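Following: one structure in structure tokens, then a few remarks.
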2 protein chains.
Amino acid sequence: MKKAVRAPRKPVRPSALQAESLQQTRREHASETAEDYVEAIADLTAAHGEARVVDLARRLGVTHVTVNRTLARLQREGYVSVQPYRAIFLTDRGRTLAAECQHRHGIVVAFLVSLGIPEKSAEIDAEGIEHHVSPATLAAFARHLAK
Amino acid sequence: MKKAVRAPRKPVRPSALQAESLQQTRREHASETAEDYVEAIADLTAAHGEARVVDLARRLGVTHVTVNRTLARLQREGYVSVQPYRAIFLTDRGRTLAAECQHRHGIVVAFLVSLGIPEKSAEIDAEGIEHHVSPATLAAFARHLAK
DNA sequence: TACATAATGTAGCCTTGGCTACACTTGAGC
DNA sequence: GCTCAAGTGTAGCCAAGGCTACATTATGTA
């Protein structure tokens, strides 16, 4: 009594499209960490002259152990340059990514604030949203701000 | 030559706030999967009369193995009711969550489209964004749509 | 009814990203 | 120049969420 309904295929949202969207979301998730780290490192370097593991840990809300392991991966991927017991530096690639992220973050926060969302909520939401904003959507946000 | 710069503390973004935001983002990430699954199950049930593992796998863009393991977790958490080789059913709790997600998804997509973003991009972006939209921000989106 | 095929389930592997507990370096100050 | 606290590194645990390969069940159809 369950095979009868097998044929129709009139999904509310087409399966293929949602699968594609979710795969995109998963890809984005994989780069979220890198983005958060390089952005934090850039900010800390600007503010303190250097970025240290403890500072990053405080800033990112995780333990220094997590920071350490993640930095190893980011070094493997060419975003940062790390030496034992030394400060953390961004590579050119890392700096480029950080600049993009800071730019995008600024637009997303400003956009949310322009909708009447309080600064603090805007910050919190932006942190989650910004990694999933496509260039087209970012452009739309910027357009809306310009008006 | 590196200790000198340790004192100032004038972060571009306060550490505590960013840490808090990121912790919130991580909490949201933990519920993303549950939301995507219950929403997909609700949609499939509405469209086909039932939700099967293969359909879910196709819809979510993963293998049936991943679906299976995740369903076990969702059952543990009380969102779905699963029996071997049978269709998947939402519990009351699962249905409630699915309804919320569908509602939120609709608003986010409509909002993005209202900004001039093409339907397909809006769908893709919404899939990533919707999980990080706070009630306040969702309300702001709805307000903007009403205008 | 029997069987082939599709659906489902299981075993076991990988990576990421949390954590605690413990070990080792560094460097500021006595 | 020693010492000790803070910072950093390492070992090893856990859960989530991907995967392939293989085993098992259900069922439409010959």
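Note that the structure is predicted; figures quoted are calculated from it, not measured. To find a chain, count down the sequence lines: A is the first, B the second, and so on, and within it residues start at 1.
Salt bridge status for E39(A) with R59(A): absent, with no side-chain N to carboxylate O gap under 4.0 Å. Between E100(B) and R104(B), none of the side-chain N atoms (NZ, or NE/NH1/NH2) sits under 4.0 Å from a carboxylate O, so this pair counts as no salt bridge.
Within residues 60-70 of chain B, the residues having any heavy atom closer than 4.0 Å to DNA chain C are, in order of number, H64(B), V65(B), N68(B).
Side-chain contact check for T63(A) versus T66(A): some heavy-atom pair is nearer than 4.5 Å. Q18(A) has its side chain within reach of E127(B): a pair of non-hydrogen atoms, C-beta onward, lies under 4.5 Å apart.
Atom P of nucleotide dA16(D) and atom OH of Y79(B) are separated by 13 Å, given to the nearest angstrom. Nucleotide dG18(C) holds its C1' atom 14 Å from the CG atom of L22(B), rounded to whole Å. Distance CD (Q23(B)) to P (dG17(C)): 16 Å, rounded to an integer number of Å. In this structure, E35(A) atom CD and dT16(C) atom P are separated by 16 Å, rounded to whole Å. The distance from atom OH of Y85(A) to atom P of dG7(D) is 14 Å, rounded to the nearest whole Å. E28(B) has its CD atom 17 Å from the C1' atom of dA16(D), to the nearest Å. Rounding to whole angstrom units, CG of residue L56(B) and P of dA7(C) are separated by 13 Å. Rounded to an integer number of Å, the gap from E32(B) CD to dA16(D) P is 15 Å.
Position along DNA chain D of the nearest nucleotide to R73(B) versus Q83(A) favours Q83(A) as the more 5'-ward residue. Place P84(B) and V53(A) on DNA chain D by their nearest nucleotides, and V53(A) ends up nearer the 5' end.
Using cut-offs of 30° and 60° for the angle between ring planes, the F111(A) and H144(A) rings count as perpendicular.
The side chain of R52(B) places an N or O atom within less than 4.0 Å of a non-bridging phosphate oxygen (OP1 or OP2) of dT8(C). In this model, the phosphate group of dT8(D) is not approached by any side-chain N or O of R86(A) to a distance below 4.0 Å at OP1 or OP2.
Within 4.0 Å (heavy atoms only), R27(A) reaches no atom of the nucleic acid at all.
Nearest heavy-atom pair, L115(A) versus R143(B), reported as atom, atom and distance to 0.1 Å: O-NH2, 3.4 Å.
Cluster annotation: I107(A) and I124(A) are assigned to distinct hydrophobic clusters (Ile/Leu/Val/Met/Phe/Trp/Tyr, side-chain heavy-atom contacts under 4.5 Å, transitive).
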